[in-house]
S.K.: 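The following block contains the structure, expressed as structure tokens.
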Protein chains: 2
Amino acid sequence: MEWCRIDQDTANALKEKLPVEEEMQDLAEFIRVFGDPTRLGILFYLREKPLCVHDLSLLTGMQQTAISHQLKVLRQMRLVRYYKEGRMAIYSLNDSHISQILDIGLKHSAEEVRND
Amino acid sequence: MEWCRIDQDTANALKEKLPVEEEMQDLAEFIRVFGDPTRLGILFYLREKPLCVHDLSLLTGMQQTAISHQLKVLRQMRLVRYYKEGRMAIYSLNDSHISQILDIGLKHSAEEVRND
DNA sequence: ATTATATATGAATATATATTCATATGTTCA
DNA sequence: TGAACATATGAATATATATTCATATATAAT
């Protein structure tokens, strides 16, 4: 390989420090779940309070089926869990770790507003 | 509106706490930049050392044009900057804030490995 | 029992976006 | 000056994914 500004040893050392390809793929996939406004909305609402699908639909202004589909994604990524209460499904965040990640998002969001 | 488990006042209070729709859109867009393995790779490498396009291409194993396109995205989102050195373009992270966000990603990545 | 309600899901559609290909621009070196 | 190199970019292609529509299932209410 012909490097421009680094040599082979430096290249190897850099590669050692990074997550391997599969980890990178998994990390990107995990992050991508937060990269959709509908899912972000759902997560932010659930951060405040456990909610049923119908109420999430009204709060976000999205159709019930859209919410159900996104909840399925969030379930598969283990970001949310739910239990049944009669005919309703009550969703909540899976753990506080998720809530912390959302906090970082809110913080960044606030900073953006300040900087523009 | 007909709520299932909350009343109108609770709904209003919840909505007050959340970022408005446009902020949510912007935040999702910002997060999405990190949700791609190629861009993540570029960012992680630049976190270690400023690098030219060619070396980034070799390090990531991606074609030069793919890297250039993604660098353009990262530039537009102001995550990276560059200067010209002869015919080369040397890219680096725009500020330490970005580096901190990547740290969180790495931490999560490590936790995933532990949990599986 | 029949009707209304809450949710889930497969299929279709629309849209976003990552990569490649072809090629242009500018720089270095012989 | 001409050839090789580094980078950027528009267009084409491929692929992922968000939403809607139609509909199924299960529970509650009358």
Side-chain angles (χ1 to χ4, degrees), chain A residues 1-6 21 24-43 46 50-77 79-92, chain B residues 1-6 21 24-43 46 50-77 79-92:
Chain A
M1 292 209 246
E2 316 228 342
W3 305 89
C4 286
R5 302 180 70 247
I6 62 178
E21 191 168 357
M24 199 72 87
Q25 184 71 49
D26 291 348
L27 180 56
E29 194 180 344
F30 176 75
I31 294 174
R32 220 179 305 138
V33 181
F34 295 87
D36 174 80
T38 302
R39 281 193 296 264
L40 263 188
I42 292 172
L43 292 172
L46 294 183
L51 290 162
C52 71
V53 178
H54 181 84
D55 287 349
L56 277 171
S57 170
L58 291 181
L59 284 166
T60 58
M62 300 293 295
Q63 292 206 3
Q64 174 263 315
T65 52
I67 297 297
S68 279
H69 278 299
Q70 295 303 350
L71 283 171
K72 185 175 191 177
V73 174
L74 294 171
R75 246 162 38 218
Q76 285 168 337
M77 295 300 284
L79 300 194
V80 303
R81 60 197 150 95
Y82 78 107
Y83 64 92
K84 293 301 274 305
E85 190 176 289
R87 55 187 161 186
M88 288 181 293
I90 317 298
Y91 281 81
S92 54
Chain B
M1 290 209 245
E2 317 228 342
W3 305 90
C4 285
R5 302 181 70 246
I6 62 176
E21 191 168 356
M24 199 72 87
Q25 184 71 50
D26 291 348
L27 180 55
E29 193 180 343
F30 176 76
I31 294 173
R32 218 178 309 139
V33 180
F34 295 87
D36 173 80
T38 301
R39 280 193 297 264
L40 265 187
I42 291 172
L43 292 172
L46 294 183
L51 290 162
C52 71
V53 178
H54 181 85
D55 287 350
L56 277 171
S57 170
L58 291 181
L59 283 166
T60 58
M62 301 292 295
Q63 291 206 4
Q64 174 263 315
T65 54
I67 297 297
S68 278
H69 279 299
Q70 295 304 348
L71 284 171
K72 185 177 191 177
V73 174
L74 294 172
R75 245 159 41 215
Q76 285 168 339
M77 296 300 284
L79 300 195
V80 303
R81 61 197 149 93
Y82 78 106
Y83 63 92
K84 292 302 273 307
E85 192 176 290
R87 55 188 162 185
M88 289 182 289
I90 317 299
Y91 282 81
S92 54

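Quick note on labels: first sequence line is chain A, next is B, and so on, each numbered from 1. Every heavy atom of this structure was used, including side-chain atoms; hydrogens, water molecules and symmetry mates were not. This is a predicted model, so every value here is computed, not measured.
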S.K.: Expressed as a whole number of angstroms, how long is the span from A:Met62:CE to D:dT17:C1'?
M.R.: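 Between C1' of D:dT17 and CE of A:Met62: 13 Å.
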S.K.: Looking at the side chain of B:Ala66, which of C:dT20, D:dT20, C:dT7 is the nearest nucleotide?
M.R.: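 When the side chain of B:Ala66 is considered, C:dT20 is the closest of C:dT20, D:dT20, C:dT7.
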S.K.: Give the rounded distance in Å between these two atoms: OH of B:Tyr91 and P of D:dT7.
M.R.: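 Taking OH of B:Tyr91 and P of D:dT7, I get 9 Å after rounding.
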S.K.: Rounded to the nearest 0.5 Å, what separation is found between the CG atom of B:Leu56 and the CD1 atom of B:Ile67?
M.R.: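 If I round to the nearest 0.5 Å, the distance is 6.0 Å.
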S.K.: Of the nucleotides C:dT7, D:dT9, D:dT19, which one has an atom closest to the side chain of A:Ser68?
M.R.: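 Nucleotide nearest to A:Ser68's side chain: C:dT7.
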S.K.: Looking at CG of A:Leu74 and CD1 of A:Ile42, how far apart are the two atoms once the value is rounded to the nearest 0.5 Å?
M.R.: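 Here the interatomic distance stands at 5.5 Å.
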S.K.: Hey, is the side chain of A:His69 pairing donor to acceptor with the base of C:dT7 inside 3.5 Å?
M.R.: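 Not at all, since no donor on one side and acceptor on the other fall under 3.5 Å apart.
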S.K.: Determine the minimum heavy-atom distance between B:Cys4 and A:Met88, stating which atoms define it.
M.R.: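 Between these two residues, the closest heavy atoms are CB-SD, 3.7 Å.
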S.K.: Calculate the interatomic distance between B:Ile67 atom CD1 and C:dT19 atom P; express it in whole Å.
M.R.: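 Taking atom P of C:dT19 as the reference, CD1 of B:Ile67 is at 8 Å.
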S.K.: Looking across every strand, which nucleic acid part, if any, lies under 4.0 Å from B:Arg5 by heavy atom: base, sugar-phosphate, or nothing?
M.R.: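 Nothing: the residue B:Arg5, judged by heavy atoms under 4.0 Å, touches no strand.
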S.K.: Any residue in residues 32-39 of chain B with a heavy atom nearer than 4.0 angstrom to DNA chain C? Just list them by number, or reply none.
M.R.: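 When residues 32-39 of chain B is checked for heavy atoms under 4.0 Å from DNA chain C, the hits, listed by number, are B:Arg32, B:Asp36, B:Thr38, B:Arg39.
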S.K.: Just call it for B:Gln70: base, sugar-phosphate, or nothing, with non-hydrogen atoms closer than 4.0 Å on any strand.
M.R.: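 Sugar-phosphate contact only.
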S.K.: With a 3.5 Å cut-off and just heavy-atom distances, do the side chain of A:Gln64 and the base of C:dA8 make a donor-acceptor pair?
M.R.: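 Between C:dA8 and A:Gln64, which were checked side chain against base, a qualifying N/O pair under 3.5 Å is present.
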S.K.: Round to a whole Å and report the spacing from CG of B:Leu71 to P of D:dT7.
M.R.: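 Taking atom P of D:dT7 as the reference, CG of B:Leu71 is at 10 Å.
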S.K.: Return the 5'-most residue of the pair B:Ala89, A:Gly86 with respect to DNA chain D, ranking by each residue's nearest nucleotide.
M.R.: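 Result of the comparison: B:Ala89.
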S.K.: Can you find a pair of side-chain heavy atoms, one from B:Arg32 and one from A:Phe34, that are under 4.5 Å apart?
M.R.: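 Side chain of B:Arg32 against side chain of A:Phe34, heavy atoms only: no contact under 4.5 Å found.
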S.K.: Roughly how far apart are A:Arg81 CZ and A:Ile90 CD1, rounded to 0.5 Å?
M.R.: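 A:Arg81 CZ to A:Ile90 CD1: 12.5 Å, rounded to 0.5 Å.
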S.K.: As a test of reading the structure: which of D:dA28, D:dA8, C:dA8 is closest to the side chain of A:Arg87, going by heavy atoms?
M.R.: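 Nearest to the side-chain atoms of A:Arg87, counting from C-beta on, is D:dA28.
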S.K.: Quickly work out the B:Tyr83 OH to D:dA6 P distance and round it to whole Å.
M.R.: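 About 16 Å, once rounded to whole Å.
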S.K.: Can you tell me if CD on A:Glu85 sees more than 12 non-hydrogen neighbours from other groups inside 6.0 Å?
M.R.: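 Buried by this count: over 12 neighbours within 6.0 Å.
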S.K.: Can you tell me how far P of D:dA24 sits from NZ of A:Lys72, to the nearest Å?
M.R.: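 My rounded result for the distance is 17 Å.
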S.K.: What is the distance, to the nearest angstrom, from the CG atom on B:Leu56 to the P atom on D:dA8?
M.R.: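 Distance, rounded to whole Å: 10 Å.
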S.K.: Can you tell me if A:Asp55 uses its side chain to pair, donor with acceptor, with the backbone of B:Arg5 under 3.5 Å?
M.R.: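 Judged by distance alone, yes, a pair lies under 3.5 Å.
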S.K.: Measure from NZ on B:Lys84 to P on C:dG26 and round the result to the nearest Å.
M.R.: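 After rounding, the reported distance stands at 9 Å.
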